Amino acid sequence: MIGATRTGLLRLPGEEERTTGELARRLGVSAATVSAHAGALRGAGLITTVRAGRAVLHRRTALGELPASS
């Protein structure tokens, strides 16, 4: 189990990059919460994170796109 917030981060549709703030708004959590969970997902190789100026952008990796096994 990875928890509701991490699952939510991985289930957001689309392949485009999303900012920490956008993810926080969509999931109804704080930016700090998204940042902490993004760190765990990044460590597992499920997302990548890049800085673009003042924004931090997150995107699922190919591994993060794989469907969960039943």
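Because only heavy atoms are used, hydrogens play no part in the values below, and waters and symmetry mates are left out as well, while side chains stay in. This is a predicted model, so every value here is computed, not measured.
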**Message:** Let me confirm one number: the CG-OG1 distance from L63 to T48, rounded to the nearest 0.5 Å.
**Reply:** 12.0 Å
**Message:** Ignoring hydrogens, what is the shortest heavy-atom contact between A24 and A31? Give both atom names and the distance.
**Reply:** CB-N, 3.7 Å
**Asked** Would V34 and L46 show up in the same hydrophobic cluster when neighbours are defined by side-chain heavy atoms closer than 4.5 Å?
**Response** yes
**NE2-CG distance between H58 and L12, expressed to the nearest 0.5 angstrom** = 11.5 Å
**Complete:** Here the pair of heavy atoms bringing T19 nearest to A55 is CG2-CB, 4.3 Å
**Prompt:** Closest approach of G3 and T7, non-hydrogen atoms and distance?
**Reply:** O-OG1, 2.7 Å
**Fill in**
The reported gap from OG1 in T49 to CG in L57 (rounded to nearest 0.5 angstrom) is 9.0 Å
**Asked** Quick one: do L23 and V56 end up in the same hydrophobic cluster if we chain Ile, Leu, Val, Met, Phe, Trp and Tyr together by side-chain heavy atoms under 4.5 Å apart?
**Response** no
**Item:** Test item: T20 side-chain N/O and S35 main-chain N/O as donor-acceptor pair under 3.5 Å
**Value:** no
**Request:** Measure the CZ-CD1 distance between R59 and I47 for me, rounded to the nearest 0.5 Å.
**Result:** 12.0 Å
**Asked** Looking only at heavy atoms, what is the nearest atom pair of V50 and E17, with distance?
**Response** CG2-OE2, 3.8 Å
**Backbone of L9 reached by a side-chain donor or acceptor of R18 within 3.5 Å** = no
